[in-house]
Amino acid sequence: MPFSLITADIHLQPDENHPINQAFYRFLQEDAPQAEALYLIGDIFEMWVGDDIGLETYPKAIQLLSDLVKKGTRVYLMFGNRDFLMKSAFWQATGIQPLADPSLVDFYSEQILLSHGDSLCTDDHEYQKMRRWFRNPIIQWLFLHLPKSKRLSIGEGMRKKSQQYSQNKAENIMDVNQQAIAAMMSRYPTCNHLIHGHTHRPGEQSFEVNGEMKHRWTLGDWRPQTQLVKISEQPDTQPLIEWVYLD
Ligand SMILES: [Mn+2]
């Protein structure tokens with residue numbers, strides 16, 4: 001039966017030999033080609049500070065993603081909070097299609113909402129303020145016109161800061177906010193499933209929105225388990241949604 005795969009938060013490293021990179025390359029060559037579609041829903045790359053740098057830093061991933069598209073799997077990419085500066089050179093080099101956050105996607109007649117998840121962490125006011133700043137097109141334009149070395153050092157500084165910041169912050173502040181989830185889900189009444197990443201807290205949760213049961217799937221970060229959601233078409237019934245783990 002045809003199926004689609006969804007994953008997030010791989011955080012590919014600049015070191016091609018990193019075990020996570022190796023696992024992702026294997027996945028792209030062995031498992032992904034069997035899927036009709038692959039949805040990468042944010043933070044696939046540890047850092048993306050311009051296509052010129054990104055295409056040089058992750059050549060193997062770019063090559064394998066492009067090969068996958070050429071073999072016939074549709075690949076979609078949603079921005080994360082680490083990799084949201086992809087521009088036309090990236091889409092051209094890979095053949096990947098951009099996916100808005102959130103996106104309501106029809107999987108074999110089941111409407112499923114995909115989101116990276118950081119916009120749902122509304123208790124973290126400091127982060128949301130920063131997010132608005134970096135999503136501003138003028139700020140992005142200015143940043144992308146800085147020399148390579150400057151962009152790399154700013155990106156590296158932000159990466160370090162974000163690591164320290166998440167170590168010092170209370171756990172619950174950095175998680176998704178249940179009201180933000182309910183508000184998002186209530187905008188899509190035909191949708192019963194939300195799939196997101198970002199928090200690196202894999203799991204499932206059922207909850208009620210306006211009297212209807214909804215289900216939330218949180219993807220992990222491939223550390224240690226390489227975890228994906230698989231949605232398979234079923235004859236005469238709704239698709240099967242399940243976790244899959246790679247060896
Ligand atoms: Mn994230």
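Only heavy atoms go into these numbers, but all of them, side chains included; no hydrogens, no water, no symmetry mates. For this chain, numbers begin at 1 and follow the sequence in order. These numbers come from a predicted model, not from an experiment. Order of appearance sets the numbers: ligands from 1, and atoms from 1 within every ligand.
Note: M184 CE to L194 CG = 6.5 Å, rounded to the nearest 0.5 Å.
Counting just the N/O/S atoms of D43, the one with the shortest distance to the Mn ion (ligand 1) is named OD2.
Looking at H198 and D9, their side chains never bring a donor and an acceptor atom within 3.5 Å of each other.
Between the side chain of R82 and the main chain of D43, no donor-acceptor pair closer than 3.5 Å is present.
The aromatic rings of F90 and W48 stand perpendicular to each other, their planes meeting at an angle above 60°, with 30° marking the opposite boundary.
Note on H198: counted as a metal contact of the Mn ion (ligand 1), an N/O/S atom lying under 2.8 Å.
The angle subtended at the Mn ion (ligand 1) by NE2 of H116 and OD1 of N81 is 90°, given to the nearest 10°.
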